[in-house]
Visitor: 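I am attaching a structure below and will ask some questions about it afterwards.
Please read all numbers here as calculations on a predicted model, not as lab measurements.
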Amino acid sequence: MSTSQSIPTSTDGAKTRPAGLLRRCLKMPIGVQSIIAVGLGALIGTLAPSAGEQMKILGEVFLNLVQVVVLPLVFPLIVLGIARMESVKKVGRIAGKAILYFEIVTTVILLIAVGLAKFTGIGKGAPVQEADAKDLDGMSQGIDFHELVLHAVPKNIFAAFGEGNLLGAIVFALLVGVAMAAIGEKSEPFASVLESVASVMFKVVGYVIRVAPLGVLGFISYDVAHYGFGNLRSLLGFIAVVYTGLAIVVGVLFPLIAAIYRIRYVALMKSIAGLAGIAFVTRSSESVLAPLMGKLEAFGLSRSTTSFVVPLGYSFNTDGSVLYQAAALVFLANAYGADTSLPALLLMVGVLVILSKGMAGVASASIVVLIAAGNSVGLPAEGIALLLGVDFIVDMARTGVNVIGNSLAAAVVDSSEKRREAKRGGRETTGIPAEADAPALQKEPAQ
């Protein structure tokens, strides 16, 4: 009898071991799960390319889940953040500081990229004759600023929400927030509804982020299977320059800015590292937009500043992308033997400063801006097709840097506002707290 009883016990143990292992894996941090997914995806894409390409659907489902919740969360946060600011003047002040910061930092990053690319001489002897211009079919050959303005001011806000028009949603949220601040107490019922919506959406975001490793697995499997590593050898110099430039931005420029504004840069990086990693492997900064604002709020930034500056930065502060574009332009100029004198390089910088602000709402934005900038300085678009083979490799890095750059931008603007409040409080000697807006929402941290 004892022998017969021992058999189901061992069988049960065998059954529970995989279940226990699965539970332990699910309890791992999202970052660790994503790293494991990267390894598995690379293995599948290499050993079973056909299966790897089919797994792209996992990544697309994850991105769809993210995009469906972004606007329903961002809209109420921006509205409430603006409505609970002290005045409309403060809204304008924060917007002005953010845009000025974006312009200055973008220009500095472009100069770093152009200088590094010029110093290394990337692109000389590149096989641009192998580029297939058909790869660029269907992409816009420029940016229509008339359409950009209409994109920012949609005629139908529901259509804008349906299209995922983040810039249009920001503009409409700005108008609604200002109107709520103007009518005062009469807007409280609507504010309560928006608070409930934001709380529910934060919870939904938590559910979505849990499946991020599946999205990572799908994208990495597809990228490795579809693109392979054939063009790596001829473009290793370009990849190295882009990654070196991004490392200088993250490791030198951003810490310097943080030191000037007394921001704990290392602590900030630790706070958002997991989200930057998810953006890196999914190649989508939108995938972490909502949880990023929650992380920054938990770090100590005010919700009113974060909910306004971060979405605005997604449209106008693409630090990693502009560095890539500048390096790519110099690469193409060297490949085609074009003028790379100082005036020509400064012209490239000036063109990119203008065009990079037109990236909001444009599909394949970095490539489109690169085509438009190349046309502006006389470089043929055919050469850009050569870079498409390694675009997914540099796209991961530039997307991760975009997330870090927007986080730092929000911290800088918030620090500037708190310094201003502290100085004003010192003059008035009334002990006014540095940040007293949005008391109700501050109780709802977004994990």
Visitor: When you look at Leu100 and Lys97, which way does the side chain to side chain contact (heavy atoms under 4.5 Å, CB included) test go after all the steps?
Guide: CA-CA 5 Å; Leu100 179 63; Lys97 287 180 179 179; 5.9 Å; no
Visitor: Going by the rule ring-ring contact (aromatic ring centres under 6.0 Å, His included), which residues pair with Phe172 if we only count those two or more places apart in sequence or in a different chain?
Guide: Phe75
Visitor: With rounding to the nearest 0.5 Å, note down the distance linking CG in Leu217 to CG in Leu58.
Guide: 6.0 Å
Visitor: Between Phe190 and Met180, is a side chain to side chain contact (heavy atoms under 4.5 Å, CB included) present by the stated rule, with each step listed?
Guide: CA-CA 9 Å; Phe190 186 48; Met180 288 176 65; 3.7 Å; yes
Visitor: Is a side-chain donor or acceptor of Ser271 paired with a backbone partner of Ala267 at a separation under 3.5 angstrom?
Guide: no
Visitor: Specify the closest pair of heavy atoms between Ala327 and Ala113, including all atoms of both residues, with the distance to one decimal.
Guide: N-CB, 4.3 Å
Visitor: Can you check whether Phe62 reaches Ile57 side chain to side chain, under 4.5 Å on heavy atoms?
Guide: no
Visitor: Return the OG1 to CE distance between Thr305 and Met293, rounded to the nearest 0.5 Å.
Guide: 13.0 Å
Visitor: Flag the pair Thr306 / Asp414 as yes when at least one side-chain heavy-atom distance between them is below 4.5 Å, and no otherwise.
Guide: no
Visitor: Does Gly52 offer a backbone N or O that forms a donor-acceptor pair with the side chain of Ser221 under 3.5 Å?
Guide: no
Visitor: Any heavy-atom pair between the side chains of Leu346 and Leu111 that's under 4.5 Å?
Guide: yes
Visitor: How close do Val197 and Pro76 get, counting heavy atoms only, and between which atoms?
Guide: CG1-CG, 4.1 Å
Visitor: The test is side chain to side chain contact (heavy atoms under 4.5 Å, CB included); show your working for Ser321 and Asn402 and say whether it passes.
Guide: CA-CA 7 Å; Ser321 297; Asn402 287 345; 3.2 Å; yes
Visitor: Indicate whether any N or O donor in one side chain lies under 3.5 Å from an N or O acceptor in the other, for Ser199 and Ser196.
Guide: no
Visitor: Measuring from Leu71:CG to Leu289:CG, what's the distance to the nearest 0.5 Å?
Guide: 9.0 Å
Visitor: Report the C-alpha separation of Leu65 and Tyr207 in whole Å, then their side-chain angles, then the decisive distance to 0.1 Å, and conclude whether the side chain to side chain contact (heavy atoms under 4.5 Å, CB included) test is met.
Guide: CA-CA 10 Å; Leu65 286 172; Tyr207 297 147; over 6 Å; no
Visitor: A quick test of your reading: do over 12 heavy atoms of other residues, nucleotides or ligands sit less than 6.0 Å from OH of Tyr243?
Guide: yes
Visitor: Any side-chain to backbone donor/acceptor pair from Thr399 onto Phe280? Under 3.5 Å, distance only.
Guide: no
Visitor: Please report the interatomic distance CD1(Ile257) to OH(Tyr265), rounded to the nearest 0.5 Å.
Guide: 9.0 Å
Visitor: Any side-chain heavy atom of Met269 sitting closer than 4.5 Å to one from Phe254?
Guide: no
Visitor: List for me each residue that meets salt bridge (charged side-chain N to carboxylate O under 4.0 Å, His left out) alongside Glu60, sequence neighbours excluded, and say none if there are none.
Guide: Lys56
Visitor: For the residue pair Ala212 and Ile278, what are the closest heavy atoms and their distance?
Guide: CB-CD1, 4.1 Å
Visitor: Is it true that a side-chain atom of Ser416 and a backbone atom of Val412 form a donor plus acceptor pair closer than 3.5 Å?
Guide: no
Visitor: Can you name the nearest heavy-atom pair linking Ser187 to Gly184, along with the distance?
Guide: OG-O, 2.7 Å
Visitor: Decide yes or no for Leu312 and Phe102: does some side-chain heavy atom of the first lie under 4.5 Å from some side-chain heavy atom of the second?
Guide: yes
Visitor: Identify the heavy atoms of Ala326 and Leu110 that sit nearest to each other, and give their distance.
Guide: CB-CD2, 3.7 Å
Visitor: Less than 4.5 Å apart, side chain to side chain, heavy atoms only: is that true for Leu246 and Tyr324?
Guide: no
Visitor: Identify the two heavy atoms, one from Lys418 and one from Ser302, that lie closest to each other, and give their separation to 0.1 Å.
Guide: NZ-N, 4.4 Å
Visitor: Quick check for you: to the nearest 0.5 Å, what is the distance between Ile183 atom CD1 and Glu188 atom CD?
Guide: 9.5 Å
Visitor: As an exercise, state the distance from OG of Ser407 to NZ of Lys295, rounded to the nearest 0.5 Å.
Guide: 11.5 Å
Visitor: Would you call Thr106 and Asn317 a side-chain contact if the rule is heavy atoms closer than 4.5 Å?
Guide: yes
Visitor: Does any non-hydrogen side-chain atom of Arg398 lie less than 4.5 Å from one of Leu323?
Guide: no
